[in-house]
Protein chains: 2
Amino acid sequence: MDFFEQLGPAALGSRLRRLSEQVTGQAADVYRLYGLAFEPRWFPVFYAVAAEPGLHVGEIAERIGQTHAAVSQVLKELVKQALVQVQRGEADQRRSIVTLTEKGAAIWPVLQQQTQDVRQATEQLLTETRHNLWLALEETEYALSRQSLAKRVKAIRNQRIRAAVDILDFQPEYQPDFKQLNVEWIETYFRVEEADLKALDHPQEYILARGGHILLARYQGRIVGTCALIPMDATTYELAKMAVSPLVQGLGIGRLLGDAAIAKARALGASRLYLESNTRLTPALNLYHQLGFRKTVAAPPSPYERCNIQMELPLLA
Amino acid sequence: MDFFEQLGPAALGSRLRRLSEQVTGQAADVYRLYGLAFEPRWFPVFYAVAAEPGLHVGEIAERIGQTHAAVSQVLKELVKQALVQVQRGEADQRRSIVTLTEKGAAIWPVLQQQTQDVRQATEQLLTETRHNLWLALEETEYALSRQSLAKRVKAIRNQRIRAAVDILDFQPEYQPDFKQLNVEWIETYFRVEEADLKALDHPQEYILARGGHILLARYQGRIVGTCALIPMDATTYELAKMAVSPLVQGLGIGRLLGDAAIAKARALGASRLYLESNTRLTPALNLYHQLGFRKTVAAPPSPYERCNIQMELPLLA
DNA sequence: TGTATATTTGTAAGTACTTACGTAAATTAC
DNA sequence: GTAATTTACGTAAGTACTTACAAATATACA
């Protein structure tokens with residue numbers, strides 16, 4: 001029990017299961033109290049059939065919120081107990097139409113009375129508590145249907161990770177990371193070209209010395225992402241060398257780098273950002289679109305073979 | 001879903017189970033998110049071992065609130081995954097001492113981080129709801145541990161049944177019921193004696209004509225209980241012929257008859273009630289004690305062989 | 001009117017636990 | 001010091017469902 005306290009709500013699933021077992025276990029005692037040879041798990045199916053005789057398996061399943069397989073299995077037992085009978089559907093031969101037998105009809109009033117009593121007892125139990133379990137279940141189910149636990153966890157994780165990411169300016173010791181991260185993604189999709197190697201091996205000469213800038217994302221002491229701003233003309237920079245390690249992709253680190261690059265370009269007085277990419281790189285294009293980039297109509301020729309799309313972002317003062 | 005609305009909290013068990021399944025199902029997605037080949041049901045065991053290496057199976061079971069069998073099964077899988085290792089206990093050869101392997105130790109930080117994230121997500125989820133599920137579970141478990149559902153249902157059922165019981169004065173047409181109910185219980189424990197038959201066959205002559213009274217309990221149109229007041233002297237009545245049908249025993253009908261008989265004796269101006277019984281009839285003696293009867297010190301001789309205890313109740317004005 | 005597709009159901013196997021039971025080791029009783 | 005009891009744990013089978021699959025029938029459409 002201590003364990004649950006420690007873990008808190010992370011153990012929610014187990015805890016729900018335990019209470020469920022406790023409750024259904026006690027339900028068996030209740031049936032014994034009323035002298036019924038009746039198992040708790042039969043109850044929903046039997047109840048549905050008694051309330052609406054002539055339902056078929058699928059309809060019962062829908063009404064009680066279980067699968068047809070579960071209904072089918074319970075029916076098999078109920079038939080063996082001679083509490084219900086099953087006939088083929090007249091119009092539709094696939095259907096199994098279920099009705100109560102005489103024996104079933106005989107125990108129905110007892111069961112109804114018992115249901116009443118259980119309902120009263122449960123309602124009384126729930127009013128004893130400050131937090132109403134029934135309503136809490138309803139609300140929690142709804143909240144989970146709106147956004148799954150996995151999605152919620154993912155959001156929190158991404159937030160945590162992003163908060164732990166630094167954006168750094170280039171330093172010579174980062175050149176190997178800068179190269180490795182870029183080569184890694186290029187090789188995954190394309191071939192590394194001559195123009196790539198020049199810039200990646202000698203960023204100082206080919207990017208910084210020409211008035212460009214390189215930004216790096218650091219997470220847990222490791223460089224996990226890069227991007228560069230390369231001057232094209234007096235008021236335009238190219239956003240290039242955008243790479244994020246596959247180990248941390250999907251966490252929003254690209255977005256952080258993009259935001260930082262745009263801020264940097266603004267600080268440098270640029271009025272426009274430009275970039276080249278490939279339509280195969282869907283996640284990247286999504287990111288660029290999110291950042292505000294739109295497809296360029298008249299595009300200058302690119303030195304890279306792999307580029308088949310150009311985008312730009314006007315930086316309004 | 002409609003069905004649940006209709007049945008209300010009677011379907012609590014099923015509902016709990018469903019949410020539990022939903023939550024644990026989504027937990028699997030969460031592990032996938034963190035790139036862990038890890039099943040949700042391993043979690044409690046692994047967590048316990050990581051937090052306290054060197055625990056043995058029984059201790060783990062106790063910490064996580066499951067059975068040793070469950071722990072044993074999960075451990076088998078964890079060993080197959082090379083996440084933990086099991087050794088015989090040194091001092092106690094029966095024990096299986098569990099520790100993390102290198103691989104297990106390697107994923108532990110990831111799992112810890114993940115637990116943190118899940119906890120945050122769950123806490124956030126719970127704050128979205130007006131009724132807190134976690135607290136509701138706690139309170140409900142506590143309430144159920146204080147008094148089981150079966151006991152609660154029984155209390156409500158007894159209350160309902162008692163409210164539907166009438167206490168009637170004797171009428172000649174009730175003589176067969178009067179006799180049958182008394183013979184039934186006498187034969188269960190003893191033999192029917194000559195003195196019994198006289199009074200049961202001719203209550204008018206042997207009880208009513210001598211200034212006695214007979215009370216009957218009617219439930220659902222049937223006579224289900226009897227008792228009689230038989231004058232002993234000017235101020236004392238004997239409480240006798242107390243019988244309740246086995247079909248409705250334990251519902252408090254005896255208590256209703258007893259209360260009615262005492263009220264009647266008071267109305268008749270009696271100052272004392274007296275009765276004879278047998279120590280084998282524990283439930284009856286309990287009832288008499290509840291009604292206020294205490295063992296008589298000096299007892300007159302009884303015409304019935306089966307009587308080995310006498311009790312009396314002073315009726316203070 | 002035949003064929004592809006969908007619906008309805010039953011059966012099998014899986015899930016995440018439990019209870020029941022058997023065996024071996026340790027402890028207690030005498 | 002041996003016998004009886006208790007403890008520790010593994011295995012098997014059960015529970016109340018699920019998902020996956022298979023077979024039969026019904027419907028849609030060309």
Side-chain angles (χ1 to χ4, degrees), chain A residues 11-28 31 38-46 49 54-80 84 86-98, chain B residues 11-28 31 38-46 49 54-80 84 86-98:
Chain A
L12 191 56
S14 291
R15 181 123 201 208
L16 284 165
R17 188 168 210 282
R18 268 216 285 178
L19 185 55
S20 156
E21 249 158 39
Q22 207 183 332
V23 170
T24 48
Q26 296 194 356
Y31 286 105
F38 200 87
E39 292 192 30
R41 72 172 185 289
W42 300 345
F43 183 75
V45 171
F46 188 87
V49 173
L55 290 178
H56 66 265
V57 173
E59 287 171 327
I60 298 172
E62 196 195 337
R63 292 226 183 354
I64 69 176
Q66 292 177 9
T67 58
H68 78 268
V71 173
S72 184
Q73 285 164 18
V74 168
L75 277 178
K76 215 162 83 178
E77 290 189 68
L78 285 173
V79 167
K80 196 152 62 177
V84 306
V86 178
Q87 298 162 282
R88 289 289 97 197
E90 270 181 39
D92 188 334
Q93 294 279 312
R94 294 168 305 178
R95 291 183 173 174
S96 294
I97 306 294
V98 188
Chain B
L12 191 57
S14 291
R15 183 126 200 206
L16 284 165
R17 188 170 209 282
R18 268 217 284 179
L19 185 56
S20 156
E21 250 159 36
Q22 208 183 332
V23 170
T24 49
Q26 295 192 357
Y31 286 104
F38 200 88
E39 293 191 29
R41 72 173 184 289
W42 300 345
F43 182 75
V45 171
F46 188 87
V49 173
L55 291 179
H56 66 265
V57 172
E59 286 172 327
I60 298 172
E62 197 196 337
R63 294 233 185 340
I64 70 175
Q66 291 177 7
T67 58
H68 78 268
V71 172
S72 184
Q73 286 164 18
V74 168
L75 277 179
K76 213 163 84 178
E77 289 188 68
L78 285 173
V79 166
K80 196 153 61 176
V84 307
V86 178
Q87 299 162 280
R88 288 290 97 196
E90 270 181 39
D92 188 335
Q93 295 278 314
R94 295 167 306 177
R95 292 183 172 173
S96 294
I97 306 294
V98 188

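Note on naming: letters A, B, ... go to the chains in the order of the sequence lines (proteins, then strands), and numbering restarts at 1 for each one.
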Enquirer: Kindly calculate the angle separating the two end axes of the helix from C/dT1-D/dA30 to C/dC30-D/dG1, each obtained from five base pairs, and round it to 10 degrees.
Expert: 0°
Enquirer: Might you point out which heavy atoms bring B/Arg18 and A/Gly65 nearest each other, and give the distance in Å?
Expert: NH1-O, 3.7 Å
Enquirer: Taking N or O atoms only and anything under 3.5 Å, show me the protein contacts with nucleotides 22-28 of chain D, one pair per line.
Expert:
unit_1: D/dT25; atom_1: O2; unit_2: A/Arg94; atom_2: NH1; d: 3.2
unit_1: D/dA26; atom_1: OP1; unit_2: A/Gln93; atom_2: N; d: 2.9

Enquirer: Closer to the 5' end of DNA chain C via nearest nucleotide, is it A/Gln73 or B/Gln73?
Expert: A/Gln73
Enquirer: What are the 5'-most and 3'-most nucleotides of DNA chain C lying under 4.0 Å from any heavy atom of chain B?
Expert: C/dA16 to C/dA26
Enquirer: Using the ring of each side chain (for Trp, its six-membered ring), is A/Tyr31 parallel, tilted or perpendicular to A/Phe43, with breaks at 30° and 60°?
Expert: tilted
Enquirer: Using every non-hydrogen atom in the two residues, find where B/Gly89 and B/Ile97 come nearest and quote the distance to one decimal.
Expert: CA-CG1, 3.6 Å
Enquirer: Check side-chain contact (heavy atoms from CB on, under 4.5 Å) between B/Glu39 and all other residues, then give those that pass, not counting sequence neighbours.
Expert: B/Arg41, B/Trp42
Enquirer: To check you understand the geometry: which heavy-atom pair defines the closest contact between A/Pro44 and A/Ile64, and what is its length?
Expert: O-CG2, 3.6 Å
Enquirer: Using 0.5 Å steps for rounding, measure from the CG atom of B/Leu16 to the CD atom of A/Gln22.
Expert: 10.0 Å
Enquirer: How far apart are the closest heavy atoms of B/Arg63 and B/Leu55, and which atoms are they?
Expert: NH2-CD2, 3.8 Å
Enquirer: What pairs with B/Glu21 under side-chain hydrogen bond (donor to acceptor under 3.5 Å, both in side chains), at least two apart in sequence or on another chain?
Expert: B/Arg17
Enquirer: Between A/Val74, A/Val45, A/Leu78, which is the residue that forms a side-chain contact (heavy atoms from CB on, under 4.5 Å) with A/Val84?
Expert: A/Leu78
Enquirer: Suppose we screen for side-chain hydrogen bond (donor to acceptor under 3.5 Å, both in side chains). Which residues come up paired with B/Glu59, at least two apart in sequence or across chains?
Expert: B/His56
